[in-house]
Asker: 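Quick one: the structure is below, and I'll ask about it shortly.
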Amino acid sequence: MDYEKLLNMAAELGYQLMYSGAEIYRVEESVQRLLHAYGLERPEVFAIPNCVIVSVTTPEGHPITRMRRVPAHGTDIELLEHCNALCRRLCAEAPPLDEAQARTAALPEETPRHSPRWMLLGYGVAPAFFAPLFGGGLWDTVSAFLCGLAVGACLLYGGRFIGANSFFRTALCSALAALLAMLLVKAGVGRSVDVVTISALMVLVPGMALTNAMREIMAGDTFSALSRTADAILAASAIALGAAAGQALGGLF
Amino acid sequence: MEAVFLDYVLPCVCAFLACVGFTLIFNIHGCFGKLIAGVGGALGWLVYLLAGSTIFAAFLAAAAIGVFGEVMSRVRRCPVTGYVLVALLPLVPGGGIYYAMRHCVAGETEPFLNTLLRTFGMAAALAVGAMLASSVFRALFPRLRRHGKRSP
């Protein structure tokens, strides 16, 4: 068997899993199980949020290692499910390597994605319905919808202008939301600056990072847990910083 | 009757719709997935309201969502962790971060620290509640798990 090809395929699957925002133990277990299915005795997998290392020893006693660097990523639940399903199928059937490799490589293209327009709608709808939860009225809902749309547009289409730095991006979006909320309330559309701002900020709040961090702690992956917690705290401070700047700017008008 | 509608039904409907909005952002496809996320969010918010909107209420709400997720993973016969994460989002203390920032900017140290600690408490309660509930549920019903997940 071509162990280098097998290693490449396994590392690619681990990479896709990590990229879709899977938990550490899921990535490590899936890759391990996959290599087991292809007859390797003791595959070693090590994963942290931005790196996957897979190492195998061939039956002749020759060790090979592959490392994949995972760039900053969000959460893509559909991709995660597809990776999971593919991993199970590969483990159950153990098809020829070329076929398995082709299937793994085709994963990102095969996964359905919402078009940017639908995602933008999501960014608008979520804050809009948060406003009543925080005690806002109908007009607060409308303002929160508009603020959410602005944040979504900034995240989806503004990547070219604001760069890939996630701290800066979060702070900028938060500032935009706070400023817009203030202007909308001053213009008489919204009623409460606090409610509208909080609702709009809910799409930026690092809820996913935080719950994921806690899962890693429970699973015993302390290193990844610490790095994800730091991520969540940084994002929260970016939100606070941005909102403070936005409100200061809004106070000038 | 109207009070019940305004206090409980309307917020739950809003939580449902907000979570469905989030499913668009986190790329969840299919009616069933969207429905699980939405119903989970509404359930969590209902428990949170009924238990009195405190940190402990957030813990209970997260536990309810965790158990709901486990039940749904049996029904659907595949892990639904992603949907459960979305259902938790309405409870995440965005307001806490905002008010802490307001107090900090205004130079009010004591309210700032109070709000900050409360925010951390909320976040910890959420995460621990959901994880604990699903771990306990799995420990209590291990046999169901084998049926639910074909190759765990």
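Chain A is the first sequence line, chain B the second, and so forth, proteins listed ahead of strands; every chain is numbered from 1.
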Asker: So which atom in Leu133(A) and which in Pro11(B) form the shortest heavy-atom distance, rounded to 0.1 Å?
Answerer: CD2-O, 3.2 Å

Asker: Which answer fits Tyr99(B), side chain, backbone, both or neither, if we ask what part of it has an atom under 4.5 Å from a heavy atom of chain A?
Answerer: side chain

Asker: Is Phe223(A) atom CZ crowded by more than 12 heavy atoms from other residues, nucleotides or ligands, each under 6.0 Å away?
Answerer: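 No.
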
Asker: List the steps, then state whether side chain to side chain contact (heavy atoms under 4.5 Å, CB included) holds for Arg102(B) with Thr197(A).
Answerer: CA-CA 12 Å; Arg102(B) 287 292 297 268; Thr197(A) 315; over 6 Å; no

Asker: Heavy-atom pairs under 4.5 Å with chain A: which of Cys12(B), Ala100(B), Ala18(B) has the most?
Answerer: Ala18(B)

Asker: Identify which part of Thr119(B) has an atom lying under 4.5 Å from any heavy atom of chain A, answering side chain, backbone, both or neither.
Answerer: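 Neither part.
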
Asker: Identify which of Gly122(A), Gly152(A), Pro206(A) forms the greatest number of heavy-atom pairs closer than 4.5 Å to chain B.
Answerer: Gly122(A)

Asker: Might you point out which heavy atoms bring Leu210(A) and Ala123(B) nearest each other, and give the distance in Å?
Answerer: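 Heavy-atom minimum between the residues: CD2-CB, 3.2 Å.
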
Asker: Is the shortest side-chain heavy-atom distance between Leu89(B) and Met202(A) below 4.5 Å?
Answerer: no

Asker: Might you point out which heavy atoms bring Met131(B) and Thr211(A) nearest each other, and give the distance in Å?
Answerer: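 So the minimum-distance heavy-atom pair works out to CE-O, 4.3 Å.
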
Asker: Counting heavy-atom pairs closer than 4.5 Å to chain B, which one of Ile239(A), Thr141(A), Ile217(A), Asp194(A) comes out on top?
Answerer: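 Answer, by heavy-atom pair count under 4.5 Å with chain B: Asp194(A).
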
Asker: Is it the backbone or the side chain of Tyr98(B) that comes under 4.5 Å from a heavy atom of chain A, or both, or neither?
Answerer: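 The side chain, not the backbone.
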
Asker: Does a sphere of radius 6.0 Å around OH in Tyr15(A) hold more than 12 heavy atoms from other residues, nucleotides or ligands, not counting ones at 6.0 Å or beyond?
Answerer: yes

Asker: Among Pro132(A), Ala244(A), Pro112(A), Ala243(A), which residue forms the greatest number of heavy-atom pairs with chain B at distances under 4.5 Å?
Answerer: Pro112(A)

Asker: Where is the tightest heavy-atom contact between Met101(B) and Ala240(A), given as atom of each residue plus distance?
Answerer: CG-O, 3.1 Å

Asker: Is the number of heavy atoms from other residues, nucleotides or ligands under 6.0 Å of Glu109(A) CD greater than 12?
Answerer: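 Yes, because the 6.0 Å sphere around CD of Glu109(A) holds more than 12 heavy atoms from other groups.
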
Asker: For Trp45(B) and Phe134(A), take the angle between the two ring planes, folded into 0 to 90°, and tell me which bin it lands in: parallel under 30, tilted 30 to 60, perpendicular over 60.
Answerer: perpendicular

Asker: Among Val92(B), Leu88(B), Leu10(B), single out the residue with the greatest number of heavy-atom pairs under 4.5 Å to chain A.
Answerer: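 Most pairs with chain A among the choices: Val92(B).
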
Asker: When rounded to the nearest 0.5 angstrom, what distance separates CH2 in Trp118(A) from OG1 in Thr23(B)?
Answerer: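 Here the interatomic distance stands at 10.0 Å.
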
Asker: More than 12 non-hydrogen atoms from neighbouring residues, nucleotides or ligands closer than 6.0 Å to CZ on Phe120(B), yes or no?
Answerer: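 Atom CZ in Phe120(B) is not packed in, count stays at 12 or less.
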
Asker: Under 3.5 Å, is there a donor-acceptor pair between the side chain of His114(A) and the main chain of Ile28(B)?
Answerer: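 Here the side-chain-to-backbone pair exists.
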
Asker: Looking only at heavy atoms and a cut-off of under 4.5 Å, which of Asn212(A), Asp76(A), Leu201(A) has the most pairs with chain B?
Answerer: Asp76(A)

Asker: Relative to chain A, which segment of Ala15(B) carries a heavy atom at a distance below 4.5 Å: side chain, backbone, both, or neither?
Answerer: both

Asker: For each of Val13(B), Leu17(B), Ile97(B), tally heavy-atom pairs with chain A at distances under 4.5 Å, and name the one with the top tally.
Answerer: Leu17(B)

Asker: Kindly indicate whether the side chain of Val203(A), heavy atoms from C-beta on, has any atom under 4.5 Å from the side chain of Ile25(B).
Answerer: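 Yes, their side chains come closer than 4.5 Å.
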
Asker: Within this structure, what is the CG-CE distance for the pair Leu132(B) and Met214(A), rounded to the nearest 0.5 Å?
Answerer: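 Atom-to-atom, Leu132(B):CG and Met214(A):CE are 11.5 Å apart.
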
Asker: Within a strict 4.5 Å, meaning less than it, do heavy atoms of the Ile77(A) and Val86(B) side chains meet?
Answerer: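 Result yes, sub-4.5 Å side-chain heavy-atom pair found.
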
Asker: What residue in Ile198(A), Thr75(A), Leu155(A), Val125(A) has the most heavy-atom pairs under 4.5 Å with chain B?
Answerer: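 The answer is Ile198(A).
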
Asker: If you count heavy-atom pairs under 4.5 Å with chain B, which of Met119(A), Met208(A), Glu23(A) comes out on top?
Answerer: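 Going by pairs under 4.5 Å, I would pick Met208(A).
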
